[in-house]
Number of protein chains: 2
Amino acid sequence: MASDVDETHRLIGSDKVEGTAVYGADGQKIGSIQRVMIDKLSGRVSYAVLSFGGFLGIGDDHYPLPWPSLKYNTELGGYQILIPIEKLKDGPKFAAGAEWDWSAARERGLGDYYGTPAIA
Amino acid sequence: MASDVDETHRLIGSDKVEGTAVYGADGQKIGSIQRVMIDKLSGRVSYAVLSFGGFLGIGDDHYPLPWPSLKYNTELGGYQILIPIEKLKDGPKFAAGAEWDWSAARERGLGDYYGTPAIA
């Protein structure tokens, strides 16, 4: 995979987003993006699914986060979350490989929890 | 990877989009999605990069297509392109692994070629 192709100044390949590091407000790495959930019709990324395995004392659970809560930080070379760690820890999550209900009601709940508008 | 998690009625995981089949107007499979290019800031999918390897008599070249030119067809279980094959064949392409200039000017050119609005 040529890195020339999958990332530019403002576009990033989906295969490159997967695995991208996620940093906390203090710049410490706290996890990585497992996948992003794309709205099939609008083509908009609704949620990033984060894995904090090995960080925060959290196992392999996956945490869906509304896309707008992640800011790309070019200096860090990854996404930065300004949400306090404690709020993340208590946030909606699902076990790796488990089913997650992405219904509209659930999505609104997620947006409400993180204080971001529901997109999808 | 549990399929329960990476696809719902309207959301699809980025890892699931990669490799999804692409069909022509007649419903024949013509290729597959290699990756999608996501705008880091807006979180919107700008382009899908298609591979027609083994189809259309085209080798491993990659064809960037504006996202709006792909329609998800639930019956086919993949994306459908209504662009005539000949137009696809003559469209902008790059060799697998080669550098592709995703500049704004290039993006506009792609939108002009396929008659879709430039998004990113």
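Note on naming: letters A, B, ... go to the chains in the order of the sequence lines (proteins, then strands), and numbering restarts at 1 for each one. Side chains included, hydrogens not; waters and symmetry mates left out as well; all remaining heavy atoms used.
The hydrophobic cluster containing A:I30 does not contain A:L76, counting ILVMFWY residues as joined when their side-chain heavy atoms lie under 4.5 angstrom apart, directly or transitively. Hydrophobic clustering, with ILVMFWY side chains joined whenever heavy atoms are under 4.5 angstrom apart, groups B:Y79 together with B:I85. The hydrophobic clustering, which links ILVMFWY residues whose side-chain heavy atoms are closer than 4.5 Å, places A:Y72 and A:V22 together.
The CG atom of A:D15 lies 8.5 Å from the CE atom of B:M37; values are rounded to the nearest 0.5 Å. Atom-to-atom distance recorded for B:D39:CG and A:L11:CG is 6.0 Å, nearest 0.5 angstrom. The distance from atom CD1 of A:I38 to atom CH2 of B:W67, rounded to the nearest 0.5 Å, is 6.0 Å. Here OG of B:S46 is found 12.5 Å from CD1 of A:I12. Values are rounded to the nearest 0.5 Å.
Counting only distance, with no hydrogens or angles, the side chain of A:S14 and the backbone of B:V36 share a donor-acceptor pair below 3.5 Å.
Residue pairs satisfying the side chain to side chain donor-acceptor pair (under 3.5 Å) criterion with at least one member in residues 19-28 of chain B, sequence neighbours excluded, are absent.
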